[in-house]
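Because the structure is predicted, anything quoted here is derived from the model rather than measured.
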Amino acid sequence: MDQLSNSELQTDRQDTKRKIGELVTTGTSIIAGTNLAVEGASINQEEVNIMKLLMNAAFPTMTGEDMRSKAHLELAGRFAHKFGDALKATGKSAYTNLNSDFLEVAALGHDIGRSITQRALRHDIAGDMVLAQMGMRSDIIASMPSALAHTKITRRFLQEFQSRNPHASPEELQGALKDLAQKTLDDSSIEQRIVLISDICGKPGDGLKGIRTFEEVITYHHNTRSNYAMASGRRNMYPSDSRIDQYVIDFTEHLYRLHKDWLTSEGVDVEQVRQELLEESEHHQQSINQSS
């Protein structure tokens, strides 16, 4: 894979800027005056519906990358709502104030930057930028996972670790990466944890049918990240495309598994939730078929 030329980079950046401006204009008209733009205001089903309007505006077509992104966001939102309800149902005081509608809103919007660019990491930057410029409240944006943040965490840690431990074995490095993942989880809010694991669980199957199992998602994560050029189908690379290296892949796998383990420790079975969503989808489809 070759790097984009300076002229190609300039064209890409101009195109990105144009798309951001267009989406900000559209999105602002959708969320202005709603509780999505008012810090501390209540979030209910009405705000979920508004977020779905925003998602549909960001991904207006029912083909290609728009359809894939929309299917993923819808699934992530449903997982987030289910996880929130399940944690509240445990009766533990830590989850008393969880708002499942808030979680669904954050999950529905976490990948909106993919409507600007599908390029790795750049979609995170674009997503945060458009949401902030629309006036989306900061607590919603802060609850969304960031591949860019995970990449920065890993690369900064790796530089420090290798400086302190130049002769560390691969096993020692993996142990340190897992410890870093645990600290990252521990430092995150409940909302951030739920939206991150919902992002991971909400991956449609091939042909957008079904829902991948957790282990299928991990395999997909490795395959697409380890060979981004083939997975993305892009001929030329953006400078940031190569920043997700094997160490970042390893760190994020540890992070995802630890999030699943955390849910399990709280009595929430990821596979059971997946099966519930599949059954709900089947019943919904049957209802459509019967009414048509």
Side-chain angles (χ1 to χ4, degrees), residues 16 18-38 41-84 99-120 122-148 191-192 194-205 208-212 277 280-281 284-285 288:
T16 296
R18 175 186 59 79
K19 289 180 179 178
I20 288 175
E22 292 173 352
L23 183 54
V24 167
T25 299
T26 301
T28 300
S29 67
I30 292 173
I31 73 168
T34 74
N35 286 358
L36 295 177
V38 180
S42 61
I43 298 292
N44 301 296
Q45 185 60 45
E46 180 179 355
E47 286 68 43
V48 173
N49 293 337
I50 294 170
M51 198 67 186
K52 288 181 179 179
L53 289 176
L54 178 59
M55 180 187 69
N56 288 331
F59 303 99
T61 71
M62 292 299 292
T63 58
E65 292 180 340
D66 272 12
M67 180 178 284
R68 287 192 290 274
S69 295
K70 193 182 301 184
H72 165 55
L73 290 176
E74 289 173 343
L75 272 181
R78 293 169 67 196
F79 267 107
H81 202 116
K82 285 275 190 184
F83 288 150
N99 183 332
S100 296
D101 291 323
F102 177 96
L103 296 169
E104 185 170 358
V105 162
L108 283 168
H110 82 273
D111 255 354
I112 196 169
R114 289 190 177 278
S115 66
I116 306 298
T117 175
Q118 289 284 344
R119 286 190 179 275
R122 280 178 60 77
H123 71 271
D124 272 347
I125 300 172
D128 287 351
M129 187 178 298
V130 296
L131 290 174
Q133 291 183 14
M134 285 176 195
M136 183 73 67
R137 45 195 272 188
S138 59
D139 58 340
I140 294 175
I141 298 175
S143 297
M144 299 176 182
S146 171
L148 176 62
E191 288 79 8
Q192 288 171 328
I194 294 171
V195 179
L196 185 148
I197 189 64
S198 300
D199 172 24
I200 298 309
C201 291
K203 307 292 188 187
L208 304 184
K209 296 179 181 178
I211 308 171
R212 297 180 194 267
L277 289 175
E280 290 174 7
S281 294
H284 178 66
Q285 187 61 49
I288 292 175

Main-chain N/O of [Y] paired with [X] side-chain donor or acceptor, under 3.5 Å:
X: Arg122; Y: Thr117; value: no
X: Asn35; Y: Ala41; value: no
X: Thr26; Y: Leu23; value: no
X: Gln118; Y: Arg114; value: yes
X: Arg137; Y: Ala37; value: no
X: Asn99; Y: Phe102; value: yes

Q | Set of ring pair (Phe, Tyr, Trp, His ring centres under 6.0 Å) partners for Phe79, sequence neighbours left out | A | Phe83
Q. Partners of His110 by ring pair (Phe, Tyr, Trp, His ring centres under 6.0 Å), sequence neighbours excluded?
A. His72
Got [X] and [Y] here, is their nearest side-chain heavy-atom distance under 4.5 Å?
X: Leu75; Y: Arg78; answer: yes
X: Met136; Y: Leu36; answer: yes
X: Met55; Y: Ile112; answer: no

If you round to the nearest 0.5 Å, how far is [atom2] of [Y] from [atom1] of [X]?
X: Thr63; Y: Arg68; atom1: OG1; atom2: CZ; value: 9.0 Å
X: Ile20; Y: Thr25; atom1: CD1; atom2: OG1; value: 11.5 Å
X: Leu196; Y: Glu191; atom1: CG; atom2: CD; value: 13.5 Å
X: Ile116; Y: Met129; atom1: CD1; atom2: CE; value: 10.0 Å
X: Met51; Y: Ile30; atom1: CE; atom2: CD1; value: 10.0 Å
X: His81; Y: Asp101; atom1: NE2; atom2: CG; value: 5.0 Å

Any idea which heavy atoms bring [X] and [Y] closest together, and the distance?
X: Ala106; Y: Ser143; result: CB-CB, 4.1 Å
X: Ala132; Y: Ile141; result: N-CD1, 3.7 Å
X: Asp199; Y: Pro145; result: OD2-CG, 3.9 Å
X: Ala76; Y: Ser198; result: O-CB, 3.5 Å
X: Ser146; Y: Asp124; result: C-OD2, 3.4 Å
X: Ser42; Y: Asn44; result: OG-ND2, 3.4 Å

Q) Is the CD atom of Glu46 crowded by more than 12 outside heavy atoms at less than 6.0 Å? A) no
Q: Take Glu74 and Lys70 through the salt bridge (charged side-chain N to carboxylate O under 4.0 Å, His left out) test and state the conclusion after the steps.
A: CA-CA 6 Å; Glu74 289 173 343; Lys70 193 182 301 184; over 6 Å; no
(Q) Checking side-chain hydrogen bond (donor to acceptor under 3.5 Å, both in side chains) between Asn49 and each of Glu47, Gln45, Lys52, which is the one that passes? (A) Gln45
Q: Among Ile43, Leu54, Ile50, find the residue that satisfies the side-chain contact (heavy atoms from CB on, under 4.5 Å) test when tested with Thr34.
A: Ile50
